[in-house]
Amino acid sequence: MPPSMSLTAQVLARNTNVPIFYAASRAASSFWGKVPMGPPDVILGITEAYKKDKHPKKVNLGVGAYRDDEGKPFILPSVRKAEELIYSKCMNHEYAPIAGEAVYTKAVAELAFGQCSLALKEKTNCTVQTLSGTGALRLGLEFITKHYEQVKEVWFPTPTWGNHPQICNTLKLPHKKYRYYDPKTHGFNLQGACEDICSMPEGSIILLHACAHNPTGVDPKKEEWQTLSKIIKEKKLLPFFDMAYQGFATGNVDNDAYAVRLFEKEGHQLMLAQSFAKNMGLYGERVGALTFLCGDPDTAANMMSQLKIMIRTMYSNPSINGSRLVTEILTSPELKKEWLEDVKLMADRIITMRKRLRSGIEKHGNKNNWKHITDQIGMFCYTGLKPNEVERLTKEFHIYLTKDGRISVAGISSNNVDYIAEAMHKVTSK
Ligand code: PMP
């Protein structure tokens, strides 16, 4: 008997008359033997490579998580306080309702749509707690596959967050692209976007990043949002907002909700995915929400009943820890005030790093235009670095980022900004 055979295979071959060639291969004997190796996640792959690198000056600009000025994960002081408050209440660990606690869903919907929202007042919204922003997108898109009666075609901006098309692929939901980023100006391509929107079939779904677009850091201006709202309405499209960074764009959660609130005011029956990963630093708590503005309260109630069925068969009910923290903060005026200051602090540090990176590159006499570094907003900067320049940054300078030249500005700190600026200057100079 071949020594390399597994014990199970040897027993099989000895005790039954199973031919050796049949029992020899472990893979062949597994129920899952035909499962192929999948490609690694692009962003997590970068972090893996960064971890293996032993260079003392290595920098990870790949991962989209906020870091303080020492490069460390940041626990928001307001969140810490909320944790202590919750701990002192000795709360139980009973199940949450299927859609999450009503106090939570009310508070998060109000954060997005504002206290004057007509939809919230008239209860024409339907809001459920989700597993962070990803869970909201997945649930929303899956709901479309089951219940949407119009054109089941999702349009994403070019470029967009890599997980958007992947979720559609998983759901076998057709998706297409509309023009968004203009590489020449490093800004928003309003004309291209409008032309593409006009060509979309009536009833199709258009995904919009509510603020702090990932990966480009380019958002439409207020007047541009107004134009988009008008033509999206004319074309009778269903806007699906992804708001993973409320507060991160301008440091003000109300400013960052401008587009969502404008679309509500203009009567769109929109969808909204919210995440508290970034603006409360609750990455691992997986706390978010999905809202539909349904037009009337009866439809909202029907939608809620169907959402509950979908949630019940997926994970029964959401987790309670993260949503308690969010609720504690949003429903206490003092804590909320502190949280808004924490958000501003994070956004301001990012803005400062943008300025220092740009001036750092320019100080070296670099001939390229780096205005977009300070024009773009939010956590990410689409540097415009070409793939060979990105490769040089990683190989020669141990600076890790995605191949498309996107950097997470949150990974830049006072300690590494000059090093990064010098490296970016070197790889972009002849
Ligand atoms: N949408 C966008 C555009 C994002 O960048 C992210 C996070 N990278 C998410 C949604 C979802 O993040 P999470 O599931 O952690 O809330």
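Order of appearance sets the numbers: ligands from 1, and atoms from 1 within every ligand.
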**Asked** Which atoms of ligand 1 are found less than 4.0 Å from any heavy atom of K278?
**Response** 7 (C), 8 (N)
**Asked** Counting distance only, does the side-chain N/O of H175 pair as donor-acceptor with the main-chain N or O of F156 below 3.5 Å?
**Response** no
**Fill in**
Under 4.0 Å from one or more heavy atoms of G133, ligand 1 contributes atoms 13 (P), 14 (O), 16 (O)
**Asked** Which of the numbered atoms in ligand 1 are below 4.0 angstrom from a heavy atom of N214?
**Response** 3 (C), 4 (C), 5 (O)
**Prompt:** When you measure from atom 2 (C) of ligand 1 to each heavy atom in L131, T134, V63, D242, which option holds the nearest one?
**Reply:** D242
**Message:** So is R286 touching ligand 1 or not, going by heavy atoms under 4.0 Å?
**Reply:** yes
**Asked** Counting only heavy atoms not in K152, do more than 12 fall under 6.0 Å of its NZ?
**Response** yes
**Prompt:** Which protein heavy atom lies closest to atom 13 (P) of ligand 1, and at what distance to 0.1 Å?
**Reply:** S132 OG, 3.3 Å
**Near-ring test H213/F188, centroid separation under 6.0 angstrom** = no
**Message:** Before you tell me yes or no, could you show the steps for N369 and H186 under side chain to side chain donor-acceptor pair (under 3.5 Å), namely the whole-Å CA-CA distance, both residues' side-chain angles and the distance that decides it to 0.1 Å?
**Reply:** CA-CA 10 Å; N369 184 352; H186 297 291; over 6 Å; no
**Item:** Donor-acceptor contact present, side-chain N279 to main-chain Q246, <3.5 Å
**Value:** yes
**Message:** Test your reading of the structure: does S275 have an N or O sitting under 3.5 Å from an N or O of ligand 1?
**Reply:** yes
**Asked** So K51 and E48, side chain to side chain contact (heavy atoms under 4.5 Å, CB included) or not? Walk me through it.
**Response** CA-CA 5 Å; K51 278 187 192 157; E48 284 308 305; 4.0 Å; yes
**Request:** For A277, take its heavy atoms, then give the atoms of ligand 1 lying under 4.0 Å from any of them.
**Result:** 15 (O), 16 (O)
**Complete:** Tested for side chain to side chain contact (heavy atoms under 4.5 Å, CB included) against F241, the lone hit among I206, L207, V260 is V260
**Asked** Does Y245 approach ligand 1 within less than 4.0 angstrom via side chain, backbone, both or neither, non-hydrogen atoms only?
**Response** side chain
